[in-house]
Number of protein chains: 2
Amino acid sequence: MRSADHPDVSDISLTRVLSALADPLRLGVACLLADGEERQWGDLDVPVSKSTLSHHMKTLRQAGLTRTREEGTRCYVRLRTVELESRFPGLLASILQAAPAEAAPVGLR
Amino acid sequence: MRSADHPDVSDISLTRVLSALADPLRLGVACLLADGEERQWGDLDVPVSKSTLSHHMKTLRQAGLTRTREEGTRCYVRLRTVELESRFPGLLASILQAAPAEAAPVGLR
DNA sequence: GCCGATGTTCGATGGTTGACGAACATCGAA
DNA sequence: TTCGATGTTCGTCAACCATCGAACATCGGC
């Protein structure tokens with residue numbers, strides 16, 4: 001169940017957040033979501049197979065970085081910016097600022 | 001050669017920093033060094049064998065988080081706080097602020 | 001010059017992770 | 001109702017990582 005594994009804000013773990021963002025592909029997805037917009041998975045142009053993308057999105061979701069919403073067969077995702085900021089002030093901002101230089105190329109289709 | 005693998009400030013990689021700090025033990029070491037003091041390996045009270053500690057210190061060093069200085073057979077280590085701050089503004093501070101809650105218990109002997 | 005203390009390196013081991021394709025489930029549209 | 005689009009799950013594989021003990025190198029003190 002996808003909606004079931006969103007951790008509560010107070011349960012978001014620093015080490016999980018760090019390892020989630022330590023992967024170039026997930027960092028790239030986070031970068032792309034940094035504008036606050038909600039995106040559909042299929043709109044993400046990523047250099048991996050869809051099963052691998054699904055796996056990475058699950059990792060981001062379980063780390064508490066993103067929130068996934070299902071609508072029919074489609075999945076929409078957005079960054080939990082505000083919640084992250086309240087849990088780890090300044091963290092996401094400082095990471096995303098430096099991220100584009102070494103994140104995987106993730107674009108919009 | 002230990003002193004050889006300190007990356008230059010401009011070569012410090014975000015993903016390497018993140019994965020280095022994603023490990024509870026290394027996060028604990030970073031926490032302990034957060035006061036800016038230089039410490040000797042042997043003074044660190046860590047729950048792992050010395051070979052494992054050596055491995056983790058190498059990881060921190062190669063990620064650019066710490067600077068190691070050798071003096072005889074002893075090794076001293078300190079956080080590269082200022083350099084990190086110039087490379088990734090705000091990053092280290094926000095991590096270290098949240099770290100104590102889930103870092104491995106690293107004390108002074 | 002010998003011995004103990006301090007780290008490093010090596011090899012082995014077990015666990016985790018990222019990747020893929022294939023098979024599956026579900027929903028919407030024709 | 002059948003088919004295509006969208007994600008998930010499963011099994012597998014290779015790579016990586018944390019850990020340990022043992023062997024080694026080096027330096028300082030006795």
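Sequence lines set the chain letters: A, B, ... in the order given, protein chains first and strands last, and positions in each chain run from 1. Bear in mind that the values here come from a model prediction, so they are computed numbers and not experimental data.
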Rounded off to whole Å, could you give me the [atom1]-to-[atom2] distance for the [X] and [N] pair?
| X | N | atom1 | atom2 | answer |
| --- | --- | --- | --- | --- |
| B:Arg16 | D:dC17 | CZ | C1' | 13 Å |
| B:Glu70 | D:dT26 | CD | C1' | 10 Å |
| A:Lys58 | C:dA19 | NZ | C1' | 15 Å |
| B:Leu60 | D:dA18 | CG | P | 10 Å |
| B:Arg74 | C:dT6 | CZ | P | 6 Å |
| A:Leu53 | C:dG21 | CG | P | 14 Å |
| B:Arg39 | C:dT6 | CZ | C1' | 19 Å |
| A:Asp5 | D:dT9 | CG | P | 9 Å |

For [N], take OP1 and OP2 only and decide whether either is under 4.0 Å from a side-chain N or O of [X].
| X | N | value |
| --- | --- | --- |
| A:Ser49 | C:dA19 | no |
| A:His55 | D:dC10 | no |
| A:Arg26 | C:dG18 | yes |
| B:His56 | D:dT19 | yes |
| B:Trp41 | C:dT8 | yes |

(request) Among B:Arg74, B:Arg67, B:Arg80, B:Arg69, find the one that has a salt bridge (charged side-chain N to carboxylate O under 4.0 Å, His left out) with B:Glu38. (result) B:Arg69
(message) Could you work out, with side-chain contact (heavy atoms from CB on, under 4.5 Å) as the rule, every residue matching A:Glu85, not counting sequence neighbours?
(response) A:Pro89
(request) Mind listing the closest non-hydrogen atom pair of B:Arg61 and B:Pro7 along with its distance? (result) O-CD, 3.3 Å
(message) Checking base pairs now: Watson-Crick or wobble, both atom distances under 3.5 Å. What partners D:dG29?
(response) C:dC2
(request) May I have the step-by-step check of salt bridge (Lys or Arg N to Asp or Glu O under 4.0 Å) for A:Arg109 and A:Asp43, ending in yes or no? (result) CA-CA 5 Å; A:Arg109 200 171 296 279; A:Asp43 290 341; over 6 Å; no
(request) Scan nucleotides 22-30 of chain C nucleotide by nucleotide, 5' to 3', and note B when protein non-hydrogen atoms come under 4.0 Å of the base, S if they reach only the sugar-phosphate, - if neither. (result) B---BB---
(message) Counting C-beta onward and ignoring hydrogens, is there a side-chain heavy-atom pair between A:Asp45 and A:Leu108 closer than 4.5 Å?
(response) no
(message) Just so I know, are the side chains of B:Leu60 and B:Val29 near enough to count as touching, which here means a heavy-atom distance under 4.5 Å?
(response) yes
(request) Check whether the side chains of A:Ser51 and A:Ser54 place a donor and an acceptor atom closer than 3.5 Å, and report yes or no. (result) no
